[in-house]
Peer 1: 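Structure provided below as structure tokens; questions to follow.
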Amino acid sequence: MTKPISPDLPISYSKEVAAAKQRGAPIVALESTIITHGMPYPGNIEMARSVEAIIREEGAVPATIAVIHGTLHIGLEPAELESLAQTTDAMKVSRADLAFAIAERRTGATTVAATMIAAARAGIKVFATGGIGGVHRGGEQSFDISADLEELARTGVIVVCAGAKAILDIPKTLEVLETRGVPVVTYGATQFPAFWSRESGLPSPLTLNSPAAIANFQKTRDQLGIDGGMLIANPVPEADEIPGGEMEIYIERALDSAERDEITGKAVTPYLLGTIFDLTEGRSLKTNIALVENNARLAAEIAVALTD
Ligand code: PSU
Ligand code: MN
């Protein structure tokens, strides 16, 4: 069961999201770490705006989630979105530090885990992002496993992503999801996708081919009283993909340089994404934006199907 938000919590809904909640319209949550830590300015604001526009086009309402000066925002006004995209010192906020950012009146961008918590508390059932965090390569040594996986196990939100980034150990990431009972459904394909590439070489645990089928699956989980989230993996469009073989060269170089620079903890994912952006001369960013847009469209379709 989703816990309600205390009336004492500093929370603010955008005008659009408040109105959508009033009339029971479909809403799609969006994370903000991807804006502040995942992409450079101004590509990040262009992505954030176009993703919101796509969700509206599909008949749903976007709710970008972030903590601004200690207030939890469910949906950002255009000026707030622009200002967040230009913020260089936002915290990267996950389950461990969401309450910290609010208590200490900080500005923080929410990861997949923290966005799921906020979305669930606000009654939002669907969330679109790029890629989830997972088990890092060498995770058996470093124990670096994203809090996103645990959150998927416990919080009842449908997360639409383009798979797990190939910078991770994808087989171990899938194993953890299976252990924790998280359904992993690939949309329209039988192979689990690898973010920049359509294929990871690994079979997807489950496959569904329409938003209606995904909505129906979720309704059946609800009927059974199974809580927790579900992961929808939506392969990047063919025209935008970078083949896995080519990505692997950049990934290995980025991982080497992370080791040399002794990057650890929550800095690892942003560091690797930034290094890969440089190594691909921005091509990884183009793909990243295209796949988030693709995910936003599917998430909106699922949110609409859930209200039918
Ligand atoms: N995918 C992207 N860009 C990102 C992330 C994922 O394309 O910036 C972020 C998400 O917010 C995800 C986080 O929740 O990285 C995972 O970080 P960590 O591995 O530290 O849990
Ligand atoms: Mn980590």
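We count ligands from 1, going down the list as the structure has it; atoms in each ligand are counted the same way.
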Peer 1: Check salt bridge (charged side-chain N to carboxylate O under 4.0 Å, His left out) between Glu104 and all other residues, then give those that pass, not counting sequence neighbours.
Peer 2: none
Peer 1: Quick one: table the atom pairs, ligand 1 N or O against protein N or O, below 3.5 Å, distance rounded to 0.1 Å.
Peer 2:
from, atom 1, to, atom 2, distance (Å)
ligand 1, 1 (N), Gly131, O, 3.1
ligand 1, 1 (N), Lys165, NZ, 2.9
ligand 1, 11 (O), Glu31, OE1, 2.5
ligand 1, 11 (O), Glu31, OE2, 3.4
ligand 1, 14 (O), Val112, N, 2.9
ligand 1, 14 (O), Asp148, OD1, 3.3
ligand 1, 14 (O), Asp148, OD2, 2.7
ligand 1, 17 (O), Lys92, NZ, 3.1
ligand 1, 19 (O), Thr269, OG1, 2.9
ligand 1, 20 (O), Lys92, NZ, 2.7
ligand 1, 21 (O), Ser146, OG, 2.6

Peer 1: Kindly give the heavy-atom pair with the smallest separation between Ile5 and Tyr13, and that separation in Å.
Peer 2: CD1-OH, 4.2 Å
Peer 1: For residues 254-264, which side-chain N or O atoms pair as donor and acceptor with protein atoms under 3.5 Å away, sequence neighbours left out?
Peer 2:
from, atom 1, to, atom 2, distance (Å)
Ser257, OG, Tyr271, OH, 2.6
Asp261, OD2, Tyr271, OH, 2.7

Peer 1: Quick one: are Thr155 and Arg95 in side-chain contact, heavy atoms under 4.5 Å?
Peer 2: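 Yes, at least one pair of side-chain atoms sits under 4.5 Å.
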Peer 1: For Thr110 and Ser32, does a side-chain donor sit closer than 3.5 Å to a side-chain acceptor?
Peer 2: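 Result is yes, a qualifying pair exists.
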Peer 1: Where do Thr115 and Ala29 come nearest, in terms of heavy atoms and distance?
Peer 2: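 Minimum heavy-atom separation between Thr115 and Ala29: CG2-CB, 4.4 Å.
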Peer 1: Indicate yes or no: does Arg106 engage Asp97 in a salt bridge with an N to O separation below 4.0 Å.
Peer 2: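 No, no charged N to carboxylate O under 4.0 Å.
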Peer 1: At a cut-off of 2.8 Å, what protein N/O/S atoms sit near the Mn ion (ligand 2)?
Peer 2: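 Short answer, with waters excluded from the count: Asp144 OD1.
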Peer 1: Ignoring hydrogens, what is the shortest heavy-atom contact between Val236 and Arg198? Give both atom names and the distance.
Peer 2: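 So the minimum-distance heavy-atom pair works out to O-NH1, 2.8 Å.
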Peer 1: What I want to find out is whether Arg297 reaches Glu293 closely enough, with some N-O distance under 4.0 Å, to be called a salt bridge.
Peer 2: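 So Arg297 does not pair with Glu293 through a salt bridge.
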